[in-house]
Enquirer: 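So that we are looking at the same thing, I have put the structure below in structure tokens.
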Amino acid sequence: QTFANISTGGSIDVNFGSDNKPMGTGSWNLEYKFLSFASAGVKLSGQSNFENTFALTPTAFARLYPFSGAFVEVNIGGKFNWINKSLKKNLTMGGSVGWRITSGHTYIEPKFSFDYAFGSKEPFTWSGGVGAGYSF
């Protein structure tokens, strides 16, 4: 990728919480790469167990690309959980590690992520998935 570009994309993940019950996760992100090895952006994720739980998580993130497509990401945001039709709000922090594989302006990203929701009954979540997108 070239210096100073904008990328947008999405991802699909399988997410496990502290109770080890899987949830499907989908996200959309917008990223600005301001240095050849660093970027910042925003992400909006939605999660559901397709029974009684839905979560919406808007976050801001920063990434480092230490070498050839590998990345390390940290994020902070809010988590809005609807569990049995009751809303719970938490501050969340986390991170991801993965690999951005580019071909022209498109990319795919296999990744592993973890999050901690402060004050939550089940604060830890981790997920694995793949993202894809386009760089301008």
Enquirer: How long is the straight-line distance from OG1 of T59 back to CG of L44, given to the nearest 0.5 Å?
Expert: 8.0 Å
Enquirer: At their closest point, which heavy atom of V130 faces which heavy atom of P110, and how far apart are they?
Expert: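 Heavy atoms of V130 and P110 come nearest at CG2-N, 4.2 Å.
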Enquirer: Is any side-chain heavy atom of N29 closer than 4.5 Å to a side-chain heavy atom of F61?
Expert: yes
Enquirer: For S45 and T57, test the side chains for any donor-to-acceptor distance below 3.5 angstrom and give the result as yes or no.
Expert: no
Enquirer: Tell me whether the count of non-hydrogen atoms from other residues, nucleotides or ligands lying under 6.0 Å of CD1 in I12 goes above 12.
Expert: no
Enquirer: Taking all non-hydrogen atoms of both residues, which atom of T53 and which atom of S48 are closest, and how far apart?
Expert: O-OG, 3.2 Å
Enquirer: Hydrophobic cluster membership, with links at side-chain heavy-atom distances under 4.5 Å among I/L/V/M/F/W/Y: are V74 and L35 in one?
Expert: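 Result: no, two separate clusters.
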Enquirer: Could you note down all residue pairs passing side chain to side chain donor-acceptor pair (under 3.5 Å) where residues 80-95 supplies at least one of them, sequence neighbours left out?
Expert: N52-N84
Enquirer: Calculate, to the nearest 0.5 Å, the distance between atoms CG and NE2 belonging to N5 and H105 respectively.
Expert: 9.0 Å
Enquirer: Kindly give the heavy-atom pair with the smallest separation between A38 and L64, and that separation in Å.
Expert: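 A38 and L64 have their closest heavy atoms at CB-CD2, 4.0 Å.
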Enquirer: S11 and S27: side-chain donor and acceptor closer than 3.5 Å?
Expert: yes
Enquirer: Measuring only between side-chain heavy atoms, which start at C-beta, is T25 closer than 4.5 Å to S127?
Expert: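 The answer is no; the side chains never approach within 4.5 Å.
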Enquirer: Looking at W99 and S68, what are the two nearest heavy atoms and their distance?
Expert: CZ2-O, 3.1 Å
Enquirer: Kindly give the heavy-atom pair with the smallest separation between K33 and S39, and that separation in Å.
Expert: CA-CB, 3.6 Å
Enquirer: Determine, using the 4.5 Å side-chain heavy-atom cutoff (strictly less than), whether F34 and L30 are members of one ILVMFWY cluster.
Expert: yes
Enquirer: Any side-chain heavy atom of M23 within less than 4.5 Å of one from F50?
Expert: no
Enquirer: Would R100 count as a cation-pi partner of F71, with NZ or CZ less than 6.0 Å from the six-membered ring centre and within 45° of the ring normal?
Expert: no
Enquirer: If I take atom CG from residue L91 and atom OH from residue Y116, how far apart are they, to the nearest 0.5 angstrom?
Expert: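 Answer for the CG-OH pair, L91 versus Y116, is 10.5 Å.
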Enquirer: Do K43 and E73 make a side-chain contact, defined as non-hydrogen atoms from C-beta onward lying under 4.5 Å apart?
Expert: yes
Enquirer: How about W126 and F16: are their ring centroids closer than 6.0 Å?
Expert: yes
Enquirer: If you apply the rule side-chain contact (heavy atoms from CB on, under 4.5 Å), what do you find for E122 with I83, and how did you get there?
Expert: CA-CA 12 Å; E122 297 170 359; I83 303 170; over 6 Å; no
Enquirer: Decide if the gap between the ring center of F67 and the ring center of Y65 is smaller than 6.0 angstrom.
Expert: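 No, too far apart.
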Enquirer: Ignoring hydrogens and geometry, is there a side-chain-to-backbone donor-acceptor pair from T106 to S103 under 3.5 Å?
Expert: yes
Enquirer: Is the centre of the F124 ring less than 6.0 Å from the centre of the F114 ring?
Expert: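 No; F114 has its ring centre 6.0 Å or more from that of F124.
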Enquirer: For the hydrophobic clusters of this structure (ILVMFWY residues joined by side-chain heavy atoms under 4.5 Å, transitively), does one cluster hold both Y107 and I101?
Expert: no
Enquirer: So Q47 and L56, do their side chains get closer than 4.5 Å, heavy atoms only?
Expert: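 The answer is no; the side chains never approach within 4.5 Å.
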Enquirer: Is there a donor-acceptor pair under 3.5 Å between the side chain of N75 and the backbone N or O of A60?
Expert: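 No.
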Enquirer: Is F112 reachable from I108 through a run of hydrophobic residues whose side-chain heavy atoms are each under 4.5 Å from the next?
Expert: no
Enquirer: What's the separation between atom OG in S135 and atom CD1 in I6, rounded to the nearest 0.5 Å?
Expert: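 Rounded to the nearest 0.5 Å, the OG-CD1 separation comes to 10.0 Å.
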Enquirer: For the residue pair W28 and T8, confirm or rule out a side-chain donor-acceptor distance under 3.5 Å.
Expert: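 Note: W28 and T8 side chains meet the donor-acceptor criterion.
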